*Asks:* 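Can you keep this structure in mind? I'll have questions shortly.
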Amino acid sequence: MAAPGPGSAVLWASLAAALLAVCSAGSDAPRGVAVGFVFDPKAKCEPQCEHAGVCIRNNTCFCSRGYEGESCQYANCYPKCKNGGECLRPGKCRCPPGFGGRYCHKVTCDGGCWNGGECIAVNGVAKCICPSSWSGSKCQEAICPQGCRNGGICVAPGVCSCPEGWLGGACHTAVCAQPCLNGGKCISPDKCRCRPPFSGPRCEERKKSH
Ligand SMILES: *[C@@H]1O[C@H](CO)[C@@H](O)[C@H](O)[C@H]1NC(C)=O
């Protein structure tokens, strides 16, 4: 604070009383006072000073810490609210969707990013950036580059869960509980394709030529 000049002791006492009132009202202490500051106890401020600001001269408010504007109507936030956040009250930002943290400086992906995905702001929108073997908005879907055939489901990167009767990395191999005989091939669960002249469920019969 600047040292008050001679003769202003009364004014300073008045200001101190005013500030004391402010402080005892429970709000933040006002910030430092500019050089040449004059406090007029009869001053009128229209509109009235808000947020425990003190009317020091006609239409001049001395704002409590954390507020600014002609009538101390605006809260200010330090550090400033980032990413389009709005300062609700000193130090309290309201963040737009996709951002969080005290100053809206953190990107937040709704529901989080799974499986090592990273939440990143892309053109102001929070997005999960997934590792190469995962996809989906939360990186919740595994990728099976080989594909899962015959009703198989990709349950982990490169891993298919196959329905009964199918095996193999892509569920592409049929299982015949009884092996196909005579060079027959298992083409779907328990179904053999036989080489002529064989036939039957397991290609076990030789067709009689008459
Ligand atoms: C402040 O305003 C009042 C009326 O609104 C006036 O009577 C007074 O003289 C003004 N004070 C100063 C210092 O201009």
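Just so you know, ligand 1 is whichever comes first in the structure, and atom 1 is the first atom listed for that ligand. Along the sequence shown, residues carry numbers from 1. What you see is a predicted model, and the numbers here were worked out from it, not measured in a lab.
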*Asks:* Looking at Glu205, I'd like to know if its CD atom is crowded, meaning that more than 12 non-hydrogen atoms belonging to other residues, nucleotides or ligands lie closer than 6.0 Å.
*Replies:*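 Yes, the 6.0 Å shell around CD holds more than 12 heavy atoms from other groups.
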
*Asks:* Arg89: what forms a side-chain contact (heavy atoms from CB on, under 4.5 Å) with it, not counting sequence neighbours?
*Replies:*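 For Arg89 the side-chain contact (heavy atoms from CB on, under 4.5 Å) partners, ignoring immediate neighbours, are Tyr67, Lys92.
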
*Asks:* Counting only pairs under 3.5 Å, give me each side-chain donor-acceptor contact of residues 147-166, with atom names and distances, residues two or more places apart or in other chains.
*Replies:*
from   : atom 1 : to     : atom 2 : distance (Å)
Asn150 : ND2    : Cys171 : O      : 2.8

*Asks:* Is it true that, when you exclude Gln146 itself, more than 12 heavy atoms of the residues, nucleotides or ligands shown sit nearer than 6.0 Å to its CD?
*Replies:*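 Buried by this count: over 12 neighbours within 6.0 Å.
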
*Asks:* In order of chain and number, which residues sit within 4.0 Å of ligand 1 by heavy atom?
*Replies:*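 Around ligand 1, where the cutoff is 4.0 Å for heavy atoms, the contacting residues are Asp40, Asn58.
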
*Asks:* How would you list all residue pairs meeting salt bridge (Lys or Arg N to Asp or Glu O under 4.0 Å) that involve residues 130-147, not counting sequence neighbours?
*Replies:*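 For residues 130-147: none.
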
*Asks:* Under 4.5 Å between any side-chain heavy atoms of Cys55 and Cys49, yes or no?
*Replies:*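 Contact flag for Cys55/Cys49 side chains = yes.
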
